[in-house]
Amino acid sequence: MKPTLLARALLFGTALVLTVPACGQSEDPEDDRPTAQDDPTAQDDPTAQDDAPGTDGSPESGDGPAAEGEVQVLNLHGDEEGFDDQRPQTYVATGSTTFSDMEWDEWDHTRARGEGEILGTWCMDQGCQNDPYDVELELGDPVEVDGIWYFSTYTVTEYDDDMPQAQRDALDEADGGRLTLPGPAED
């Protein structure tokens with residue numbers, strides 16, 4: 001039985017549809033990483049930095065996270081070893097500092113911004129465990145540990161008016177804006 005002209009056209013069309021998406025693709029998986037042109041948030045973000053890690057997807061700048069949402073935090077909430085987390089509502093950032101009731105406005109490959117409450121061992125004498133201070137927060141400086149990217153620093157960008165300067169200084173002295181990072185994996 002000979003295929004009809006219509007059957008041949010359908011077979012050719014199906015083969016073409018299956019072949020065209022593969023055209024131009026490299027066998028090197030690094031060449032398939034998203035680029036800034038593939039990430040609409042990078043194009044629309046006026047604060048995006050051209051020299052931010054991994055923003056152009058090239059191997060030369062491949063020492064940073066390449067796409068939105070890849071960066072984690074190590075959250076110690078309920079687990080002293082910590083676990084990878086993104087946009088945590090309760091974030092035990094260090095042995096001294098906890099952020100709670102967090103709402104994240106931004107979380108991308110270079111920074112995270114949010115607001116919530118802060119408390120810690122540095123303010124226990126002021127009763128902050130029962131009445132945490134309101135803050136606005138920025139996480140930044142992603143670093144790679146065992147192939148996973150983590151924010152490594154935090155900055156309080158706005159303090160609660162009720163938070164005395166002595167408590168702000170105690171917070172800075174407690175962990176200096178450094179977040180807990182995982183240790184390298186043991187072999």
Side-chain angles (χ1 to χ4, degrees), residues 34 39-42 44-49 51-55 63-186:
D39 183 1
T41 59
D44 297 337
D45 183 2
T47 63
Q49 301 172 4
D51 61 348
T55 55
D63 60 346
E68 181 178 330
E70 289 184 358
V71 182
Q72 309 282 320
V73 291
L74 184 70
N75 193 343
L76 304 173
H77 182 67
D79 183 349
E80 67 184 39
E81 296 294 315
F83 58 95
D84 296 349
D85 206 353
Q86 288 183 333
R87 297 180 179 264
Q89 183 178 12
T90 301
Y91 173 32
V92 179
T94 71
S96 303
T97 303
T98 298
F99 300 100
S100 61
D101 293 330
M102 291 301 301
E103 294 181 12
W104 299 97
D105 301 323
E106 177 182 346
W107 192 289
D108 64 31
H109 60 279
T110 59
R111 69 176 170 220
R113 291 183 178 181
E115 60 182 59
E117 299 175 333
I118 190 171
L119 57 120
T121 57
W122 46 268
C123 63
M124 289 178 73
D125 60 340
Q126 298 295 310
C128 68
Q129 279 20 45
N130 297 327
D131 189 16
Y133 299 108
D134 293 327
V135 292
E136 291 183 17
L137 178 69
E138 183 173 312
L139 309 180
D141 301 313
V143 297
E144 185 179 15
V145 179
D146 293 330
I148 299 174
W149 287 88
Y150 297 90
F151 288 116
S152 66
T153 62
Y154 73 88
T155 304
V156 176
T157 57
E158 190 170 321
Y159 290 94
D160 185 343
D161 291 337
D162 295 337
M163 187 174 181
Q165 185 62 45
Q167 295 308 301
R168 296 175 192 193
D169 294 342
L171 167 61
D172 189 46
E173 190 175 307
D175 46 42
R178 304 298 300 173
L179 298 172
T180 302
L181 295 171
E186 296 178 19

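Quick note: residue numbers are just sequence positions, from 1. Values reported hereafter were calculated over all heavy atoms of this structure, with side chains retained and with hydrogens, waters and symmetry mates removed.
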Within this structure, what is the CG-CD distance for the pair D160 and E136, rounded to the nearest 0.5 Å? 11.0 Å

Does T97 reach the side chain of I118, with side-chain heavy atoms less than 4.5 Å apart? yes

Among side-chain atoms of Y154 and D175, is any donor-acceptor pair under 3.5 angstrom? yes

Between the CD atom in E173 and the OG atom in S96, the distance rounded to the nearest 0.5 Å is 10.5 Å

Does the side chain of E70 reach to within under 4.5 Å of the side chain of I148, using non-hydrogen atoms? no

Looking at CD of Q89 and CZ of F99, how far apart are the two atoms once the value is rounded to the nearest 0.5 Å? 14.5 Å

Pair Y159-R168, side-chain contact (heavy atoms from CB on, under 4.5 Å): steps then yes or no: CA-CA 8 Å; Y159 290 94; R168 296 175 192 193; 3.4 Å; yes

E117 meets the salt bridge (charged side-chain N to carboxylate O under 4.0 Å, His left out) criterion, sequence neighbours left out, with none

Pair E106 + R111, salt bridge at N-O below 4.0 Å: yes

Return the minimal non-hydrogen interatomic distance between T98 and T90, and the atom names on each side. CG2-CG2, 4.4 Å

Nearest-0.5 Å distance that lies between atom OG1 in T153 and atom CG in L181: 9.5 Å

Please give me the minimum heavy-atom distance between T94 and L76, naming the atom from each residue. C-CD1, 4.0 Å

Within the side chain of W122, is there an N or O that forms a donor-acceptor pair under 3.5 Å with the backbone of Q167? no

Would you say that V92 contacts N75 through its side chain, given a criterion of any heavy-atom pair below 4.5 Å between the two side chains? yes

Can you measure from CZ (F151) to OH (Y91) and round to the nearest 0.5 angstrom? 9.5 Å

Looking at every non-hydrogen atom in both residues, tell me the closest pair between G183 and V145 and how far apart they are. O-CG1, 4.1 Å

Apply side-chain contact (heavy atoms from CB on, under 4.5 Å) to the pair R113 and E138, showing each step before the final yes or no. CA-CA 4 Å; R113 291 183 178 181; E138 183 173 312; 3.0 Å; yes

Given the rule in the side-chain contact (heavy atoms from CB on, under 4.5 Å) test, do E158 and V135 qualify, once you have shown the distances and angles that lead to the verdict? CA-CA 6 Å; E158 190 170 321; V135 292; over 6 Å; no

When every non-hydrogen atom of T121 is compared with those of G95, the smallest separation belongs to CG2-O, 4.1 Å

Report yes if the side chains of L171 and M163 come closer than 4.5 Å at any heavy-atom pair, otherwise no. yes

If you compare all heavy atoms of Y133 against all heavy atoms of C128, which two are closest, and at what distance to 0.1 Å? CE1-CB, 3.9 Å

Any side-chain heavy-atom pair from W107 and V73 closer than 4.5 angstrom? yes

Carefully, step by step, assess Q165 and D169 under the rule side-chain contact (heavy atoms from CB on, under 4.5 Å). CA-CA 6 Å; Q165 185 62 45; D169 294 342; 2.8 Å; yes

Atom CG of D125 with >12 non-hydrogen neighbours under 6.0 angstrom: yes

Of all the heavy-atom pairs spanning L119 and Q129, show the shortest one and how long it is. CD1-NE2, 3.6 Å

Distance col, row T110:OG1 vs L139:CG, nearest 0.5 angstrom, shows 11.0 Å

